[in-house]
S.K.: 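What follows is a structure written as structure tokens; I'll ask about it next.
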There are 2 protein chains.
Amino acid sequence: MQERGGVQGRPEPAGTETGPVGPHVVRFVTARTVLAALRRGGPFTVSELVELTGLTRATVIAVCEDLVRRGWAEEQDPERTGPQRGRPPRTFGFRADAGVVVGLDVGAHKTTALVTDLRGDILSTASGDLPRGARTAQARLDVVSGVALAALRDAGREPRHVLAVGVGVAAPVDRNGHVAAGSDFWEMFDVGLAAALFDRHGWHVLLENDANLAALAEQWRGAAQGLDDVAVLLAGERLGAGIIESGRLLHGRNGAAGELAFLRLVDGAVGPHGIAQLAREWGAEAAAQPTGLAGLAPSEVTAEAVFTAAEDGDAAAAAVLVRLEDRMARVIAVLSTLLNPELVVLGGAIAPAAARLLPGIRAALPDLTETPAEIEVSGLGGEAVALGAIRRALDDVAERSLAIALPDVG
Amino acid sequence: MQERGGVQGRPEPAGTETGPVGPHVVRFVTARTVLAALRRGGPFTVSELVELTGLTRATVIAVCEDLVRRGWAEEQDPERTGPQRGRPPRTFGFRADAGVVVGLDVGAHKTTALVTDLRGDILSTASGDLPRGARTAQARLDVVSGVALAALRDAGREPRHVLAVGVGVAAPVDRNGHVAAGSDFWEMFDVGLAAALFDRHGWHVLLENDANLAALAEQWRGAAQGLDDVAVLLAGERLGAGIIESGRLLHGRNGAAGELAFLRLVDGAVGPHGIAQLAREWGAEAAAQPTGLAGLAPSEVTAEAVFTAAEDGDAAAAAVLVRLEDRMARVIAVLSTLLNPELVVLGGAIAPAAARLLPGIRAALPDLTETPAEIEVSGLGGEAVALGAIRRALDDVAERSLAIALPDVG
DNA sequence: CGAGCTATATTTAGATTCTAAATTATCTCT
DNA sequence: AGAGATAATTTAGAATCTAAATATAGCTCG
């Protein structure tokens, strides 16, 4: 299949690739090595880079000058801390401002955009709601495009400065960035979005499942930093898991890996409903009882209302929470057993209330699995998915770095 | 932790590695490319290799002569099929006899060994039983070592010809080839086996979970050929899954990924017992009834007996099969939902009877998950794990090829 | 204030490896 | 035997690395 817009997907495994090789390949590798070092930390003196990369001094300097010429690095005045001996060293740093990336969280009703520099430092945020009624793909595209442009403007950058765009949607997305066939109206969004953003602005678009992006975010800057085997449960209207195994996101054949909403064990052990809906249902049941949930009318029962009532000591609401704990524990048990992650992070709409559920879940887990994962609540708030989209975009930029021609930046 | 014996684990992701580079790296890459082509097919003429690899004729010849000198390839007389014009081409082929690999399936009672050449063509088989009573690690090591040596002798090769040994055990094994702490006596087997086989014979040992190896085998030569997202259910006394996602085996943090035996959903949806035990239990229940399972005494109820009785039209036995179908369907539903494989292969002791369960499982699955996988029964028989061990060993050899000094082969 | 010290930068020589182009070799067919 | 075809081999050129030799810039101290 021809990709259009953002070319997604992975490079061939090394050693199998075909095509001409030559000494220039060596330069490509060394440049990538040096750039990776600069990106991680820096600025570094040449001597430090020699130490870090194992390359010769002459090589490091040549490569750095190459990178400066190409816009990825800059030579900086050596910071002179205290007296020093010897000839002053040249220092080079990564140009985090050589471009920007955009992270988009495209929800059913709301779209959030984040713009960051190439280190991932946030430059601006924007969001917009989809006007009620206008839920066509076209209307959606316009909102998404508009929100991205607004955030860009806010960051003082232009569309041509965007090196990659990560996009999270609440639908299965396969390894190649395609929405699985048959997943409601998101499907039409698939090719449409990547193509539209490419046509309008020339952007590389990386489409990905929202829970997967939340997992990337937790691993990058959240509760799962540094862990290579993690799952993130995004619980709200939907219930989805983003799974990282050995540092890589799991997609499955059609991108439906982790789509727990699809799990139906008929006896009710684990069900298809999102946590929010369950809270509503069970809360409504409770409200209908004489003991009922602080006198709420059934129509007033929302997930938030139930959590609040429980917080206020309402017994019926507390009972609902117990049932929620039980269900979450079962889901986490399945995850623990099948994938043996080191940590499961609870995120999504449930996050604010999850701390309250945590002790119950932790207590129930050892009875359900022999390899219980640690459990933590996400601290990233509502920006987790957009942040993960940034991470995805940055990874893409890093991978393509030396093939990208940078825009002139003022 | 210091590795001893077989160094297991993966290379650094390209681009992050450190150390001196130079033009010789280019030769390393080209040599690997050519060798990979030869390994896949061959023998090839130089012109074919030029086509296959994208390298220049001069380069291909230089690399091939290098590989011949190092023992990995051999120049062959061009097969002259029909009249041909022009100067006869030089042809090179992979030396599948440059060494051998050993695949071991170390079960609780029985150890099976396979010896193959470097293409994976089987040269010999051997097996041995663990003497009852002597279940110490030492006794086990002696049996394993003895079986491997017997198979080698049978293949007419010597221990020094062994380039790698794959070993499958019925326990969680992490990415680094270590048995998870706390998994009964297998634990002591971990370091012991790799170290012992290395000390005695200098072999590189790759330890891996048996279900994982079965998955490799199915993907290589079984029902899952060419598929990148597959799960293999090894059902017998234990219940374990080997999961391949995007072409890679899943291990999880401690190697316990897929250890379904550890899953306990208390309401019985999915349970800890192996299929064989369930058949016994349920069969015993049925036998205790007046209608009872062809008059078997409870002590005579084995999994095989139940399957046989059902085959003979016994109603109680058939009912047991229905319950088995139900349970298998639930397990496969969980796998399908969480990991979205393209195919689930049923293997292990249940395989001979699984064809009979298949229609029932297939019928139940769509009600349990929205992303049902295809289901097939393994056709590899009892050698699946040993064959997967061979595949694992071959992969290791391929990865290390150009760093391995080959033994002189007569 | 200049000599010496130190850490670093720069230059040079040498080795390896690739590609591309020119040359040579070997076989078949007429 | 010669023409034609296909492939091997040789040669020249360019890129890149390492290692070693040389040059430089700032500090320190007599």
Side-chain angles (χ1 to χ4, degrees), chain A residues 14-15 17-35 37 43-70 73 75-92 402, chain B residues 15 17-35 37 43-70 73 75-93 402:
Chain A
E17 72 273 33
T18 199
V21 262
H24 58 276
V25 171
V26 175
R27 170 53 63 94
F28 184 86
V29 171
T30 55
R32 207 170 46 170
T33 306
V34 171
L35 188 54
F44 292 119
T45 69
V46 172
S47 297
E48 287 167 333
L49 286 172
V50 166
E51 177 76 16
L52 252 44
T53 63
L55 300 167
T56 309
R57 176 169 239 96
T59 304
V60 168
I61 290 178
V63 167
C64 281
E65 286 176 343
D66 227 34
L67 290 173
V68 169
R69 206 172 310 123
R70 300 219 246 158
E75 186 160 6
Q76 297 172 326
D77 290 335
E79 37 183 304
R80 327 210 14 185
T81 91
Q84 52 186 191
R85 306 133 111 54
R87 178 171 177 170
R90 297 174 68 175
T91 63
F92 292 89
L402 300 177
Chain B
E17 73 273 33
T18 201
V21 262
H24 57 275
V25 170
V26 175
R27 170 53 64 94
F28 184 85
V29 172
T30 54
R32 206 170 46 170
T33 306
V34 171
L35 188 54
F44 291 119
T45 69
V46 172
S47 297
E48 286 167 333
L49 287 172
V50 167
E51 177 76 16
L52 251 45
T53 62
L55 300 168
T56 308
R57 176 168 238 97
T59 304
V60 168
I61 290 177
V63 168
C64 281
E65 286 175 345
D66 229 33
L67 290 173
V68 169
R69 206 173 309 122
R70 299 221 245 158
E75 186 161 5
Q76 299 171 324
D77 290 334
E79 37 182 305
R80 327 208 16 187
T81 91
Q84 52 187 190
R85 307 133 108 54
R87 179 170 177 168
R90 296 174 70 175
T91 63
F92 293 89
L402 300 177

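Chain letters run A, B, ... following the sequence lines, proteins first and then strands; every chain starts at 1.
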S.K.: So, taking the atom named OG1 in T30(B) and the one named CG in D66(B), what distance separates them when rounded to the nearest 0.5 Å?
M.R.: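 If we round to the nearest 0.5 Å, T30(B):OG1 and D66(B):CG are 8.5 Å apart.
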S.K.: As a quick check of understanding, evaluate side chain to side chain contact (heavy atoms under 4.5 Å, CB included) for F92(B) and L67(B), giving each step before the final call.
M.R.: CA-CA 10 Å; F92(B) 293 89; L67(B) 290 173; over 6 Å; no
S.K.: At less than 4.0 Å, is any side-chain N or O atom of T59(A) found next to OP1 or OP2 of dT18(D)? Yes or no.
M.R.: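 Yes, such a contact exists.
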S.K.: Strictly below 4.0 Å: does R90(A) bring a side-chain N or O up to OP1 or OP2 of dT10(C)?
M.R.: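 Checking dT10(C) against R90(A), a side-chain N or O does come within under 4.0 Å of OP1 or OP2.
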S.K.: Strictly below 4.0 Å, N to O, side chains only: are E65(A) and R90(A) in salt-bridge contact?
M.R.: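 Salt bridge present between E65(A) and R90(A).
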S.K.: Whole angstroms only, please: what is the CZ-P distance between F44(B) and dA7(D)?
M.R.: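 After rounding, the gap between these two atoms is 15 Å.
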S.K.: Within this structure, what is the CZ-to-C1' distance between R87(A) and dA25(D), rounded to whole angstrom?
M.R.: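 Distance, rounded to whole Å: 6 Å.
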S.K.: Nearest whole angstrom, please: distance from the C1' of dA8(D) to the CG of L49(B).
M.R.: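 In whole Å, dA8(D) C1' and L49(B) CG are 14 Å from each other.
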S.K.: Would you mind telling me which of dA15(D), dC18(C), dC17(D) lies closest to the side-chain atoms of V63(B)?
M.R.: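 Taking heavy atoms from C-beta onward, the closest nucleotide is dC18(C).
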S.K.: Take the protein atom CZ of R57(A) and the nucleotide atom C1' of dT10(C), then report the distance between them rounded to whole Å.
M.R.: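 From R57(A) CZ to dT10(C) C1': 10 Å.
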S.K.: Considering heavy-atom distances to DNA chain C, does T45(A) or A58(B) have its closest nucleotide positioned more toward the 5' end?
M.R.: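 With T45(A) and A58(B) compared, the 5'-side residue is T45(A).
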S.K.: Which sits closer to the 5' end of DNA chain C, G86(A) or R27(B), going by the nucleotide each is nearest to?
M.R.: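 Of the two residues, G86(A) wins.
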S.K.: Nearest whole angstrom, please: distance from the C1' of dA8(D) to the CD of E65(B).
M.R.: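 Distance check: E65(B) CD to dA8(D) C1' gives 10 Å.
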S.K.: Tell me whether the side-chain N/O atoms of T56(A) come closer than 4.0 Å to OP1 or OP2 in dC17(D).
M.R.: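 Answer no for this pair, as no side-chain N or O of T56(A) is under 4.0 Å from OP1 or OP2.
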S.K.: Okay, side chain of T56(B), backbone of A58(B): is any donor-acceptor separation there less than 3.5 Å?
M.R.: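 Such a contact is absent between T56(B) side chain and A58(B) backbone.
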S.K.: Counting heavy atoms from C-beta on, name the nucleotide in dT28(D), dA15(D), dA7(D) closest to the side chain of R85(A).
M.R.: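 So the nucleotide nearest the side chain must be dT28(D).
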S.K.: Nearest-Å distance, CD (E48(B)) to P (dA8(D))?
M.R.: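 Value for this atom pair: 11 Å.
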S.K.: For H24(A) and dC18(C), what is the distance between atoms NE2 and C1' respectively, to the nearest whole Å?
M.R.: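 It works out to 9 Å between those atoms.
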S.K.: Over how many whole Å does the gap from I61(A) atom CD1 to dA23(D) atom C1' extend?
M.R.: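 My rounded result for the distance is 13 Å.
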S.K.: Taking T53(B)'s backbone N and O only, do any of them form a donor-acceptor pair with T33(B)'s side chain (distance below 3.5 Å, no angle check)?
M.R.: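 It does not hold such a pair.
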